[in-house]
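All remarks here apply to the structure that follows.
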Amino acid sequence: MRVVFMGTPGFSVTALRALSEAGHEIVGVYSQPPRKSGRGQKRHPSPVQAYAESQGWTVFTPKNFRDPAELTDIAALDADIAVVVAYGLILPQALLDTPRFGCLNIHASLLPRWRGAAPIHRAIMAGDAQTGVCIMQMDAGLDTGPVRLRRALYIAAHETTAELHDRLAALGAAAIVEVLADFPGHPPEVQPEVGICYAQKIDKSEARIEWTRPAHDVDRQIRALSPFPGAWCELAGQRMKLLASQVGQGSGTPGQVVGGFEVACGQHSVIITRVQLAGKTAQTAAEFLQGHALPQKFD
């Protein structure tokens, strides 16, 4: 097929690469505009833009699609289909209707569960046993379109968002290749009306650890927010990110260190296995404890 690809982060690159390797013609790539980052606040292209340019594909970076010229540009590409993966911009109905077979989205959840911006984080935070990807035919709603293919996987007991992200990226890439290989063989199915929930964007206010909560909740918070924005607590006035953990069986006053890097919670305890002090590289808990002393109790 002649494919227009629309995506921005590293998660999207996996699918873009797979589509090209499967023999589809990438006629244009859309990504969010370069953003300022780093000490010099220089503008850097998104992972999708950088990869697309390395392959010699034409890249478009509109701020939005309010200008009619943007729709003219995409129509001129004469695409069979558009594949949208974590693009980050709202697509108007006129654009959704432009490619011959419309627009497909790779969504990292088992719709209708976790529609919205942060499905991977929210699945871990909620303690879901399973998640997966859906290849959805896009409509004007928020992840409401019919699904052409769904693939599920189990969330591992100690899995972080970073680890689950990589597995879902690979699963989504394989799924979109499967759908495009036999497009008529994957007819769209309307999403169920039951089980709808929304994955709200992660707010930084959710990141501070409250040790009074049950250990299962704290553990899920740590793994769901790893690596970004990172669940955190304070150590000697410094912010320390907790990047990996597991539930322990210790007990004590919430916040009390009950052995090694095991901290008591409202119920049971959490064993911290990976940390990062502000401005430092991440370390295993064992490495960290070689050079740092823990307080008797975290606030």
Side-chain angles (χ1 to χ4, degrees), residues 7-18 47 83-88 104-139 141-179 186 188-203 206-207 214-231 242-247 270 273-274:
T8 299
F11 183 89
S12 311
V13 174
T14 307
L16 176 55
R17 182 184 296 113
V83 174
V84 184
V85 191
Y87 182 30
L104 296 182
N105 175 243
I106 303 177
H107 186 76
S109 81
L110 297 177
L111 294 167
R113 186 163 179 80
W114 302 127
R115 294 173 176 172
I120 303 176
H121 302 77
R122 296 299 179 188
I124 292 178
M125 198 174 289
D128 290 1
Q130 277 191 320
T131 188
V133 296
C134 285
I135 307 300
M136 180 189 70
Q137 189 81 41
M138 295 179 70
D139 62 16
L142 177 61
D143 300 327
T144 56
V147 173
R148 288 185 176 271
L149 181 71
R150 58 180 67 231
R151 289 286 180 264
L153 53 73
Y154 284 99
I155 301 175
H158 308 312
E159 198 159 21
T160 64
T161 284
E163 294 163 340
L164 183 55
H165 166 283
D166 291 348
R167 290 207 294 144
L168 289 172
L171 188 65
I176 192 64
V177 168
E178 181 179 344
V179 168
H186 294 88
E189 296 183 1
V190 175
Q191 293 185 34
E193 292 295 325
V194 296
I196 297 170
C197 62
Y198 290 90
Q200 300 292 340
K201 184 178 180 181
I202 298 295
D203 191 281
E206 299 179 71
H216 283 285
D217 289 351
V218 175
D219 170 60
R220 292 167 185 165
Q221 177 188 13
I222 290 169
R223 293 185 293 108
L225 302 185
S226 175
F228 182 83
L242 310 180
L243 299 176
S245 61
Q246 61 190 64
V247 175
V270 167
T273 57
R274 191 166 184 81

How about [X] and [Y]: do any of their side-chain heavy atoms sit closer than 4.5 Å?
X: Ile120; Y: Thr131; value: no
X: Asp128; Y: Arg113; value: yes
X: Ser109; Y: Cys134; value: no
X: Asn105; Y: Val85; value: no
X: Ile222; Y: Leu243; value: no
X: Thr273; Y: Gln246; value: yes
X: His186; Y: Ile135; value: no

What closest approach, in Å, do [X] and [Y] show between heavy atoms, and which atom pair accounts for it?
X: Trp114; Y: His107; answer: O-NE2, 2.8 Å
X: Glu159; Y: Ile124; answer: O-CD1, 3.8 Å
X: Ala175; Y: Val133; answer: CB-CG2, 4.3 Å
X: Gln137; Y: Arg148; answer: OE1-NE, 2.6 Å
X: His121; Y: Phe228; answer: NE2-O, 3.7 Å
X: Ala108; Y: Pro119; answer: O-CB, 3.4 Å

Worked check of side-chain contact (heavy atoms from CB on, under 4.5 Å) between Val84 and Met138:
CA-CA 9 Å; Val84 184; Met138 295 179 70; 3.6 Å; yes
Take atom CD of Gln130 as the centre, draw a 6.0 Å sphere, and report whether it contains more than 12 heavy atoms from other residues, nucleotides or ligands.
yes
Could you walk me through whether Met125 and Glu206 pass side-chain contact (heavy atoms from CB on, under 4.5 Å), step by step?
CA-CA 11 Å; Met125 198 174 289; Glu206 299 179 71; 4.1 Å; yes
Could you give the distance from [atom1] ([X]) to [atom2] ([Y]), rounded to the nearest 0.5 Å?
X: Thr161; Y: Arg223; atom1: OG1; atom2: CZ; answer: 9.0 Å
X: Ser245; Y: Arg220; atom1: OG; atom2: CZ; answer: 11.0 Å
X: Ile176; Y: Thr14; atom1: CD1; atom2: OG1; answer: 13.5 Å
X: Leu164; Y: Ser226; atom1: CG; atom2: OG; answer: 12.0 Å
X: Leu225; Y: Ile202; atom1: CG; atom2: CD1; answer: 5.5 Å

Side chain to side chain donor-acceptor pair (under 3.5 Å) involving Asp217 - partner list, sequence neighbours excluded
none
Would you check if there is a donor-acceptor pair between the side chains of Gln191 and Arg115 at a distance under 3.5 Å?
yes
Any sub-3.5 Å donor-acceptor pair from Thr8's side-chain atoms to Tyr87's backbone N or O?
yes
Tell me whether Glu163 is salt-bridged to Arg274, with the criterion being a basic N under 4.0 Å from an acidic carboxylate O.
no
Cationic N near anionic O, under 4.0 Å, Glu189 to Arg150
no
